[in-house]
*Asks:* 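Let me give you the structure first, and then I'll get to my questions.
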Amino acid sequence: MTDKIIFLPIVIPLAAAILAFCLARKFRLISDAIVLLGTLLNLLATIVLFKQNIQISLPWMGWGWEFSLRLYHFSAFILLSIAGFGFLVTLYSWVFLRDKSYGRSFYAYLLLTLAFAAGAVLADNLAILLFFWEGTLLTLFGMIAVGNKDAFKTATKAFMIMGATDLCLMVGIALTGHLAGTWTISQINLPLNTLGALAFVLLMIGAISKAGSMPFHTWIPDAALDAPLPVMALLHAAMEKLLGIYFLARISLDLFKLVRLDPQR
């Protein structure tokens, strides 16, 4: 089986988003069917990928950087969970959004969120991870903004809070790459010395903010009131909790060495 099937959880939702958005204006029923079929195929692809170990690197943008993706037991579980919740949310949205005028935009943002979330989970390069991570921030803004009359204000609030914490994440990624001498996540295992601890804290801020943890959670109650109802299900299931906690686990278990104190000292 070719290693390039690792791209399916990214490509399938992305292709479905483009097709659904282009067809929704004149062929609403066909567009809705494409959305549902796209999330179903995405779920089936993650089932096929489950329990597989795949690592692939392709040249990207020069400067010695590579488009690196890695699938192993932990990322496969998170990927399957995201795809499963994404399909269930789409199934519910099929009925909920039937008479809503913003269905075309919402479906596009939903599918793009699934694609970006899958890319962030599979990323084995810090720059690639950052690209997909910031993609979910843009789709979050869009999904909230299509709601009621106060939704744009709530979307702006969420964007500002998570954008500020993502700046910390960017600095942490740059510092981690500098200290490690590589941007490949699977090759990084830094000690928690002075600069290492600083990088860890900066990365942790980005992770817990994505997970909706205190004190970065104040936009969530507003979004629950102003955003379309399926958004809140998708955020907690596929973007906030899973993606944020997954990355927190990665930086805690993979990127940095846990310091173990000698009890006899």
Side-chain angles (χ1 to χ4, degrees), residues 3-17 38-39 41-58 60 66-90 109-140 143 162 166 169-170 172-173 176 183-188 203-204 206-213 233-255:
D3 289 347
K4 290 186 179 179
I5 63 171
I6 196 174
F7 288 99
L8 289 179
I10 302 173
V11 173
I12 291 175
L14 179 61
T39 53
L41 290 176
N42 185 48
L43 176 58
L44 294 176
T46 57
I47 292 174
V48 171
L49 289 171
F50 194 66
K51 291 188 177 181
Q52 294 197 44
N53 289 285
I54 301 174
Q55 192 160 2
I56 188 170
S57 295
L58 301 173
W60 182 68
E66 293 185 335
F67 193 99
S68 302
L69 301 178
R70 180 191 177 205
L71 178 74
Y72 67 115
H73 60 280
F74 189 19
S75 58
F77 171 75
I78 300 297
L79 204 63
L80 180 60
S81 301
I82 290 174
F85 284 123
F87 173 70
L88 293 176
V89 170
T90 303
Y109 290 131
L110 185 152
L111 289 165
L112 288 174
T113 297
L114 295 179
F116 284 129
V121 169
L122 291 171
D124 194 36
N125 181 286
L126 289 171
I128 301 300
L129 169 65
L130 184 62
F131 170 79
F132 286 115
W133 191 275
E134 296 308 313
T136 62
L137 177 61
L138 296 177
T139 57
L140 169 66
M143 282 193 297
M162 296 187 69
D166 280 359
L169 177 71
M170 292 179 190
I173 284 178
T176 300
W183 289 73
T184 303
I185 296 174
S186 58
Q187 297 177 8
I188 299 175
L203 293 176
M204 183 184 68
I208 64 175
S209 174
K210 185 72 76 176
S213 302
L234 183 67
L235 290 182
H236 294 295
M239 199 176 90
E240 270 187 2
K241 299 296 185 289
L242 278 179
L243 196 56
I245 294 174
Y246 168 75
F247 184 55
L248 182 60
R250 289 294 306 272
I251 64 176
S252 301
L253 300 176
D254 295 341
L255 289 179

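If you're wondering where the values come from, they're calculated on a predicted model, not measured in any experiment.
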*Asks:* Looking at every heavy atom in both Tyr109 and Thr139, which two are closest together, and how far apart are they?
*Replies:* O-CB, 3.9 Å

*Asks:* Count the heavy atoms of every other residue, nucleotide or ligand shown that sit under 6.0 Å from CZ of Phe77, and state whether that count exceeds 12.
*Replies:* no

*Asks:* From Leu126 CG over to Leu203 CG, what is the distance, rounded to the nearest 0.5 angstrom?
*Replies:* 7.5 Å

*Asks:* Run the numbers on Leu112 and Leu14 for side chain to side chain contact (heavy atoms under 4.5 Å, CB included), then give the verdict.
*Replies:* CA-CA 6 Å; Leu112 288 174; Leu14 179 61; 3.6 Å; yes

*Asks:* For residues Leu8 and Pro13, report the shortest heavy-atom separation together with the two atoms involved.
*Replies:* O-CD, 3.9 Å

*Asks:* Hey, does Ile10 have a side-chain heavy atom less than 4.5 Å from the side chain of Leu69?
*Replies:* yes

*Asks:* So, the side chain of Ser75 versus the backbone of Tyr72: is there a donor-acceptor pair under 3.5 Å, distance only?
*Replies:* yes

*Asks:* Treating Asp124 as the side-chain partner and Ser186 as the backbone partner, does any N or O pair qualify as donor plus acceptor under 3.5 Å?
*Replies:* yes

*Asks:* Give the minimum heavy-atom separation between Thr46 and Ala83, together with the two atoms involved.
*Replies:* OG1-CB, 3.5 Å

*Asks:* Taking the side chain as every heavy atom from C-beta outward, state whether Phe116 and Leu137 have any atom pair closer than 4.5 Å.
*Replies:* no

*Asks:* Answer whether the closest heavy-atom distance between the side chains of Phe7 and Ile56 falls below 4.5 Å.
*Replies:* yes

*Asks:* Please examine the side chains of Asp166 and Leu169, heavy atoms only from C-beta on, and report whether any two atoms are closer than 4.5 Å.
*Replies:* yes

*Asks:* Does a side-chain heavy-atom distance below 4.5 Å link Asn42 with Phe87?
*Replies:* no

*Asks:* Nearest heavy-atom pair of Ala118 and Pro9: which atoms, and what distance?
*Replies:* CB-O, 3.6 Å

*Asks:* Can you tell me how far apart OG (Ser252) and CE (Met204) are? Round to the nearest 0.5 Å.
*Replies:* 8.5 Å

*Asks:* Look up atom CD in Glu134 and atom CG in Leu129, then write down how far apart they are to the nearest 0.5 Å.
*Replies:* 9.5 Å

*Asks:* Apply side chain to side chain contact (heavy atoms under 4.5 Å, CB included) to the pair Ile78 and Phe74, showing each step before the final yes or no.
*Replies:* CA-CA 7 Å; Ile78 300 297; Phe74 189 19; 3.9 Å; yes

*Asks:* Drop me the distance from Leu49's CG to Leu44's CG, to the nearest 0.5 angstrom.
*Replies:* 11.0 Å

*Asks:* So how far is it from Leu140 CG to Met162 CE, rounded to the nearest 0.5 Å?
*Replies:* 5.5 Å

*Asks:* Under a 4.5 Å cut-off applied to non-hydrogen side-chain atoms, are Trp183 and Ile128 in contact?
*Replies:* no

*Asks:* Before you tell me yes or no, could you show the steps for Asn125 and Ile185 under side chain to side chain contact (heavy atoms under 4.5 Å, CB included), namely the whole-Å CA-CA distance, both residues' side-chain angles and the distance that decides it to 0.1 Å?
*Replies:* CA-CA 5 Å; Asn125 181 286; Ile185 296 174; 5.8 Å; no

*Asks:* Indicate yes or no: at least one non-hydrogen side-chain atom of Leu71 is less than 4.5 angstrom from one of Asn53.
*Replies:* no

*Asks:* Is any side-chain heavy atom of Leu79 less than 4.5 Å from a side-chain heavy atom of Phe50?
*Replies:* no

*Asks:* Minimum heavy-atom separation for Ala16 and Leu111, please, with both atom names.
*Replies:* C-CD1, 3.6 Å

*Asks:* Could you tell me which non-hydrogen atom of Trp133 sits nearest to which non-hydrogen atom of Ala120, and how far apart they are?
*Replies:* N-CB, 4.4 Å

*Asks:* First locate atom OG1 of Thr176, then atom CG of Leu255, and finally report the distance between them rounded to the nearest 0.5 Å.
*Replies:* 6.5 Å

*Asks:* Side chain to side chain contact (heavy atoms under 4.5 Å, CB included) between Asp254 and Ile188: does it pass, once the steps are laid out?
*Replies:* CA-CA 7 Å; Asp254 295 341; Ile188 299 175; over 6 Å; no

